[in-house]
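Within every chain, numbering begins at 1; the chains are lettered A, B, ... in the order of the sequence lines, protein sequences first and strands thereafter.
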There are 2 protein chains.
Amino acid sequence: MKSEREFFENYLIKKNLRETPQRGMILDAFLKREEHITAEQLYDIVKKCDPSIGQATVYRVLRLIVESGLAREVDFSDGVMRYEHCYNHPHHDHLVCKGCGKTVEVVDSVIEELQKRVAESFGFELTDHEMYLYGNCADCRKKLQG
Amino acid sequence: MKSEREFFENYLIKKNLRETPQRGMILDAFLKREEHITAEQLYDIVKKCDPSIGQATVYRVLRLIVESGLAREVDFSDGVMRYEHCYNHPHHDHLVCKGCGKTVEVVDSVIEELQKRVAESFGFELTDHEMYLYGNCADCRKKLQG
DNA sequence: GCCATATTGATAATGATAATCATTAGCAAC
DNA sequence: GTTGCTAATGATTATCATTATCAATATGGC
């Protein structure tokens, strides 16, 4: 927790940006939350501490957090961007239940390796990827049958 | 080409929908195009044949084409939905060059199998997936170095 | 404390797509 | 071929997440 804050402060200094109470507050709220969060959800949380905060600021700070490397954007194709932790939180992909929206973080090193090889076989240097697995979780399947 | 039209007409009949010149025209324009296309691009093409066509109709027919199974949506995360052929065009994923935007269709049956297994290991039944590999193509890398 | 400059909050703008609604067109039964 | 029912169209407006604008304010080095 401490180190994330320092990390962010270092980023601000490096970019000649200023430390402000809003930035601190938004960062804290983001760090406290372990799961994905949307800009709106974060706005709602932060408003409770400081009702005068503007949602544009939340969007702006969220972008800073991403640029600093503390967060990453996740897009489940439902029209809203979500943000998840990046710091000490290694890369992973997502398994999403189409029924209840539950998500599970997954990694498969073999898949990762194959992705790199596939890209290379077409002369590409892989820099990044997105993988979303959509399906129905055990609970939802049970409900549908029962 | 013939069979795609029949396929679409069958879909319309099955759903009690009507065959209209606009639907025919938009479908034709979509089928003629081999690569991905956006709603806006399709609108521009179709407008040349019939300037009175509305862009809402393009969006509507595009949705019908997807529902019929002739097209599938592709989202390269740039804020615009693209549509690609589905008919006699088996599932594949995409390799996208971050430099020039060039895309390559890729499939790797081992990855596909592993995706299914990963999902199952969390109790999910995989119905669908999205995978986008982002990188730099050989040409773009050469340009950057030269 | 002062000043240059970054930041804020409110609000309007944007851009893709969806909804609305009056008008028009397809088609089955007569 | 007319009628009548219903679906489809085009124009327009709405929506919704995210950005840009801009005047007012706060920050941090001097």
Original post:
Do B:Ile53 and B:Tyr59 share a hydrophobic cluster (ILVMFWY, side-chain heavy atoms under 4.5 Å, transitive)?
Top reply: no

Original post:
Taking for each residue the nucleotide of DNA chain C bearing the nearest heavy atom, is the 5' side occupied by A:Val61 or by B:Gly79?
Top reply: A:Val61

Original post:
Salt-bridged, A:Arg82 to A:Glu84, with N to O below 4.0 Å?
Top reply: no

Original post:
In whole angstrom, what separates A:Arg63's CZ from D:dT19's P?
Top reply: 6 Å

Original post:
Quick one: is D:dT9 close enough that its OP1 or OP2 comes under 4.0 Å of any side-chain N or O from B:Thr57?
Top reply: no

Subject >> Between B:His89 and B:Glu34: side-chain donor-acceptor atoms closer than 3.5 Å >> reply: no

Original post:
Closest to the A:Val80 side chain: D:dA17, D:dA8, C:dT11?
Top reply: D:dA17

Original post:
Could you give the CD-to-C1' distance, from A:Gln41 to D:dA17, as a whole number of Å?
Top reply: 14 Å

Original post:
The side chain of B:Tyr59 lies closest to which of these nucleotides: D:dT19, C:dA18, D:dT9?
Top reply: C:dA18

Original post:
Roughly how many Å is it from CG in B:Asp78 to P in C:dG15, rounded to a whole number?
Top reply: 14 Å

**OP:** With the side chain of B:Arg60 defined as its heavy atoms from C-beta on, choose the nearest nucleotide among D:dT27, D:dT9, C:dA10.
**Re:** D:dT9

Original post:
Between A:Glu73 and B:Asn16, which has a closest nucleotide on DNA chain D that is more 5'?
Top reply: B:Asn16

**OP:** Starting from C1' on C:dA10, measure out to OH on A:Tyr43 and report it in whole angstrom.
**Re:** 10 Å

Original post:
Nearest of C:dC27, D:dG10, D:dT18 to any side-chain atom of B:Ser52?
Top reply: D:dG10

**OP:** Fit a plane to each ring of A:Phe8 and A:Tyr11, take the angle between them on a 0 to 90° scale, and name the class: parallel (under 30°), tilted (30 to 60°) or perpendicular (over 60°).
**Re:** parallel

Original post:
How would you label the contact of A:Thr38 with the nucleic acid (heavy atoms, under 4.0 Å): base, sugar-phosphate, or nothing?
Top reply: nothing

Original post:
Nearest-Å distance, CG (A:Leu64) to C1' (C:dA6)?
Top reply: 12 Å

Subject >> Nearest-Å distance for atom pair CE/P, residues B:Met81 and D:dC16 >> reply: 17 Å

**OP:** Ignoring hydrogens and angles, answer whether the base of C:dT5 and the side-chain atoms of A:Arg18 contain a donor-acceptor pair closer than 3.5 Å.
**Re:** yes

Original post:
For B:Gln22 and D:dG10, is the shortest distance between a side-chain N/O and OP1 or OP2 below 4.0 Å?
Top reply: yes

**OP:** Output the single nucleotide from C:dT17, D:dT18, C:dC27 whose closest atom is nearest the side chain of A:Ala39.
**Re:** D:dT18

Subject >> Nearest-nucleotide pick for A:Leu17, side chain only, options being C:dA19, C:dC27, C:dT7 >> reply: C:dT7

Original post:
Which is true for B:Arg23 with a 4.0 Å heavy-atom rule: it touches a base, it touches only sugar-phosphate, or it touches nothing?
Top reply: sugar-phosphate

Original post:
Taking for each residue the nucleotide of DNA chain C bearing the nearest heavy atom, is the 5' side occupied by B:Glu19 or by A:Asp50?
Top reply: A:Asp50

**OP:** Could you check how far CD1 of A:Ile13 sits from C1' of C:dA6, rounded to whole Å?
**Re:** 15 Å

**OP:** Identify whether the distance between the nearest side-chain nitrogen and carboxylate oxygen of B:Glu113 and B:Arg117 falls below 4.0 Å.
**Re:** yes

**OP:** Check the distance between D:dA17's P and A:Leu42's CG and give it to me in whole angstrom.
**Re:** 15 Å

Original post:
In terms of side-chain heavy atoms of B:Thr20, which of D:dA8, D:dT21, D:dA17 is nearest?
Top reply: D:dA8

**OP:** Report yes if the distance between the aromatic ring centroids of A:His36 and A:His85 is under 6.0 Å, otherwise no.
**Re:** no

